[in-house]
Engineer: 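My structure is below; once you've seen it, I'll send some questions.
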Amino acid sequence: MKKFLLIICLMLCSCTAVNEMVNVKEEAKEMNFQTAFVRKDYKPVGRVRKEYSRTCFLFNLFCSKPYFVQDDLISEAKTMGANEVINITLDISKTPLIWSWLYSYEEIKANGLAVLLTPEDLSRSKNK
């Protein structure tokens, strides 16, 4: 009985594998592998940087205030006259894993490039 079930499983698996391979080959013939590049106009305004620290106790049940990196960087970029932040990088340093069940401390340094998307001077030069 076990051999019979094994043979049935092998037959079903082999049929699905062949079927999937045929489908992949058929789809590959119809696919277009050209990449469409989208050019976005923006003007770099400057670098934005924020630093956060967070302390947690007892399996991260009790933590200090949360941090919202994207929102904070965008609000700082708006004070500079920009409307978006790109190329955000995070540098996170934590306490060793062995102590994280009792106490964990992490420092987060966020950096990004504040840009002005579709600035007025670029759109004027296109209209001329």
Side-chain angles (χ1 to χ4, degrees):
M1 184 67 178
K2 290 181 182 179
K3 289 182 182 179
F4 181 70
L5 289 174
L6 181 63
I7 291 172
I8 290 177
C9 288
L10 287 175
M11 288 176 55
L12 290 175
C13 293
S14 63
C15 292
T16 57
V18 170
N19 191 14
E20 288 177 13
M21 289 177 62
V22 170
N23 287 340
V24 169
K25 287 180 182 177
E26 290 175 4
E27 290 175 9
K29 291 177 185 175
E30 298 173 5
M31 290 179 64
N32 184 6
F33 290 109
Q34 294 178 351
T35 305
F37 291 102
V38 177
R39 183 168 187 260
K40 295 186 178 181
D41 293 328
Y42 62 87
K43 179 181 175 184
V45 177
R47 305 287 302 169
V48 289
R49 177 185 170 96
K50 291 290 259 187
E51 293 186 13
Y52 307 95
S53 62
R54 187 172 184 186
T55 307
C56 296
F57 298 99
L58 295 176
F59 299 104
N60 293 338
L61 291 176
F62 305 103
C63 294
S64 61
K65 63 182 179 179
Y67 53 90
F68 303 100
V69 175
Q70 181 77 23
D71 296 337
D72 293 341
L73 289 179
I74 287 178
S75 66
E76 188 160 328
K78 286 184 180 179
T79 61
M80 297 171 63
N83 58 4
E84 190 61 51
V85 177
I86 60 172
N87 298 341
I88 295 176
T89 59
L90 297 176
D91 182 23
I92 302 172
S93 59
K94 296 182 177 183
T95 57
L97 188 61
I98 195 166
W99 295 108
S100 64
W101 66 274
L102 180 61
Y103 169 80
S104 69
Y105 177 78
E106 59 185 15
E107 288 182 342
I108 298 97
K109 296 176 184 174
N111 295 303
L113 178 65
V115 296
L116 181 64
L117 294 177
T118 60
E120 297 176 9
D121 55 347
L122 288 177
S123 60
R124 286 182 193 162
S125 64
K126 287 183 182 179
N127 293 335
K128 290 183 180 180

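These numbers come from the heavy atoms of this one structure, side chains and all, not from hydrogens, waters or symmetry mates.
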Engineer: Do Glu84 and Tyr42 come within less than 4.5 Å of each other through their side chains, counting heavy atoms only?
Structural biologist: no
Engineer: Measuring from atom OG of Ser93 to atom CD1 of Ile108, what distance do you get when rounded to the nearest 0.5 angstrom?
Structural biologist: 7.5 Å
Engineer: Considering only heavy atoms from C-beta outward, does the side chain of Asn111 approach that of Arg47 to under 4.5 Å?
Structural biologist: yes
Engineer: Same cluster or not: Ile74 versus Met80, using hydrophobic residues (I, L, V, M, F, W, Y) connected whenever any side-chain heavy atoms lie under 4.5 Å apart?
Structural biologist: yes
Engineer: Begin with the C-alpha distance, continue with both residues' side-chain angles, and end with the deciding distance and a verdict on side chain to side chain contact (heavy atoms under 4.5 Å, CB included) for Val69 and Lys50.
Structural biologist: CA-CA 8 Å; Val69 175; Lys50 291 290 259 187; over 6 Å; no
Engineer: Same hydrophobic cluster for Phe68 and Ile92, using side-chain heavy-atom links shorter than 4.5 Å among ILVMFWY?
Structural biologist: no
Engineer: Please report the shortest heavy-atom distance between Ser104 and Thr95, naming the atom on each side.
Structural biologist: CA-OG1, 3.4 Å
Engineer: Looking only at non-hydrogen atoms, find the nearest pair between Lys94 and Glu106 and report the distance.
Structural biologist: CE-OE1, 3.2 Å
Engineer: Can you give me the closest heavy-atom contact between Val45 and Ala82, atom names plus distance?
Structural biologist: CG2-CB, 3.8 Å
Engineer: Do Val85 and Leu113 come close enough that some side-chain heavy atom pair is under 4.5 Å?
Structural biologist: no
Engineer: Answer yes or no: are there more than 12 heavy-atom neighbours, outside Ile98 itself, under 6.0 Å from its atom CD1?
Structural biologist: no
Engineer: Side-chain contact, heavy-atom cut-off 4.5 Å: Lys109 with Arg49?
Structural biologist: yes
Engineer: Check whether any side-chain heavy atom of Phe62 lies under 4.5 Å from a side-chain heavy atom of Thr55, and answer yes or no.
Structural biologist: no
Engineer: Where is the tightest heavy-atom contact between Ala114 and Val48, given as atom of each residue plus distance?
Structural biologist: CB-CG1, 4.0 Å
